[in-house]
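Throughout, protein chains are lettered first and strands after them, A, B, ... in sequence-line order, and every chain is numbered starting at 1. Quick caveat, the model's predicted, so the values are computed rather than measured.
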Protein chains: 2
Amino acid sequence: MNRETSALSEGYPFLPLSRNGLVDRVAHSLVSAILSGAIRPGERLAESHIARQMDLSRAPVREALRLLESSGLVEYRTNRGFFVRVNSARSIGDLYELRIVIETAAVRALTLTNPDALPGLRAKVDELYQLAEAGADMMSHVSVDMQFHRLICEGSGNQRFLQVFDQIANETKLGLLVIGRLYDDPHRMAETHEPIVDAIAAGDADAAAAAIAYHIGVAKDLVTEHIGKQQEAGET
Amino acid sequence: MNRETSALSEGYPFLPLSRNGLVDRVAHSLVSAILSGAIRPGERLAESHIARQMDLSRAPVREALRLLESSGLVEYRTNRGFFVRVNSARSIGDLYELRIVIETAAVRALTLTNPDALPGLRAKVDELYQLAEAGADMMSHVSVDMQFHRLICEGSGNQRFLQVFDQIANETKLGLLVIGRLYDDPHRMAETHEPIVDAIAAGDADAAAAAIAYHIGVAKDLVTEHIGKQQEAGET
DNA sequence: GTCAAGAAGATTGTCGACAGACGACAAAAC
DNA sequence: GTTTTGTCGTCTGTCGACAATCTTCTTGAC
């Protein structure tokens, strides 16, 4: 604390300089590979291969994988290694119901105690419209959508809500990206967020809760339906 | 964890056995030490010391600690190591609100779709009465109480609810045990579970949800109040 | 042709070692 | 006396090696 304040008061122009280590970088790299589809669900993640490819030892790779495991992207089997988790339609359905439960409570708290969060939410919806206008890819849409929902959890004032959201965020993204396309008209994705923002703006917590529950419920149906079809079809 | 439950549901009389061994055993051992108070919040957990004491290398210890980190018992700081997490009253309050949200949804689902779970819940309440009768210690009470709540999440049919519950279970226990004593009369702990079970038995989901929300809410107030006092007093 | 047993290869589990980072304390400068 | 600088011990970050374990392929019997 002393160091910080003195540095600030003396006005040094230095940034904290990210001291995040190797493990974080490896983890991030793996997440990108999985979410981009370069590594597909069910595929094995051999520590040695990854280590060799990244030109480092197995230890940091192993730790990064353990990190991904706790965020649900990857599954670990004793003496067999790590695998990209493959989710059933049921499991994804459960995931969305968890999101409904969490985000309903979050939006309620936000509406009642933190109206200042509204501009940030509005900005995200605008961003979604712009992406639709520009014909952006699915990845970008999903990313901004998740940012919107994260802002809701963050604005609830309950750190635990945010913690749970972050823990399932990557898994949700993976579920979405496997599908390839969610709405036929990309504008719909932006539009479906309007009722939530309107209810918050009106200060109506019940309406906001109902709106977000409906919003996530619709997404749930779309996603589980798609995945159900995929699993019927693509059994190799 | 999954292994344990599946073994239990299949009714094998075997203990988990050291199938995965080391890492799990180390993790379990550390959890016990923390929950028993042998290692106190804020204390540093030096890998080398633990490894030497358990007569093994640092690698499995490190992995076990990372495991505990994802369950919130332990906190990691880059280049500084692991510390037992010390929770503010606020943080514990948030934790209980998360529990209200999750378990309310869980008990609702359970009441509507899975009445077969009732006998198991009744048995846990009986167990609580027996513990009170026998004058058992706080640890035993807390343990059975948590088993009751876990059964509710399990009975909801939504694996994600159970997953979140398991993730915060140890932290909840720690919060409780730090206090030392929750209810003056140990019978009260058993009694406060009755309305929940009754509502489930009546098939009234709304009543069950209200009952469990009230039940956890009371516990929340007790715990946060205790912790608030402790933090005022015990600033060394 | 099918199945089982065993050998060979590959991958994980654990270890000990060394380099780098951090905190504490001592020494020096003002 | 206070602040800065230098030094030291301890702990983490990463590595390469070896043992234990799983998977695959081969071999042989029926």
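- Atom CG of A:L67 and atom C1' of D:dG13 are 15 Å apart (whole Å).
- Among the nucleotides D:dT12, C:dT12, D:dC15, the one closest to any side-chain atom of A:S57 is D:dC15.
- Between A:N79 atom CG and D:dA19 atom P the separation is 17 Å, expressed in whole Å.
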Using atom types as modelled, flag every donor-acceptor pair under 3.5 Å from a side chain in residues 50-58 of chain B to any protein atom, sequence neighbours excluded.
| unit_1 | atom_1 | unit_2 | atom_2 | d |
| --- | --- | --- | --- | --- |
| B:S57 | OG | B:A59 | N | 3.2 |
| B:R58 | NE | B:E47 | OE1 | 3.0 |
| B:R58 | NH2 | B:E47 | OE1 | 3.1 |

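- A straight line from CZ of B:R44 to P of D:dC11 spans 7 Å, rounded to a whole angstrom.
- Residue contacts for B:L65: at a heavy-atom cut-off of 4.0 Å it reaches no nucleic acid atom on any strand shown.
- Partners of B:T104 according to the side chain to side chain donor-acceptor pair (under 3.5 Å) rule, which considers only residues two or more places apart in sequence or in another chain, do not exist here.
- Contact annotation: side chain of A:R62 to base of C:dG13, donor-acceptor pair absent below 3.5 Å.
- One atom, CD of B:E75, and another, P of D:dT12, lie 14 Å apart when rounded to the nearest Å.
- A side-chain donor-acceptor contact under 3.5 Å links A:D137 and A:S140.
- A search for ring-ring contact (aromatic ring centres under 6.0 Å, His included) contacts involving A:H193 returns A:F148, A:H149, A:H215, not counting sequence neighbours.
- Relative to the side chain of B:A59, the nucleotides C:dT12, C:dC15, D:dG13 differ in distance, and C:dC15 lies closest.
- What separates CZ of A:R77 from C1' of D:dC22 is a distance of 13 Å, to the nearest Å.
- If you take CZ of A:R58 and P of D:dG13, they are 18 Å apart, rounded to a whole angstrom.
- For B:Y76, the ring-ring contact (aromatic ring centres under 6.0 Å, His included) partners two or more places apart in sequence, or in a different chain, are B:F82.
- Taking side-chain N and O atoms only, A:R80 has a distance below 4.0 Å to OP1 or OP2 of D:dT23.
- In this structure, the nucleotide among D:dG16, C:dC15, C:dT12 sitting nearest to the side chain of B:L22 is C:dC15.
- Distances from the side chain of B:P60 to the nucleotides D:dG16, D:dA17, C:dC15 place C:dC15 closest.
- The salt bridge (charged side-chain N to carboxylate O under 4.0 Å, His left out) search around B:E75 returns none, not counting sequence neighbours.
- An OP1 or OP2 oxygen of C:dT11 is reached within less than 4.0 angstrom by no side-chain nitrogen or oxygen of A:Y76.
- Contacts between residues 47-56 of chain A and DNA chain C, defined by a heavy-atom separation under 4.0 Å, are made by A:E47, A:S48, A:H49.
- In the model, B:R85 has no side-chain atom that pairs as donor or acceptor with a side-chain atom of B:S91 under 3.5 Å.
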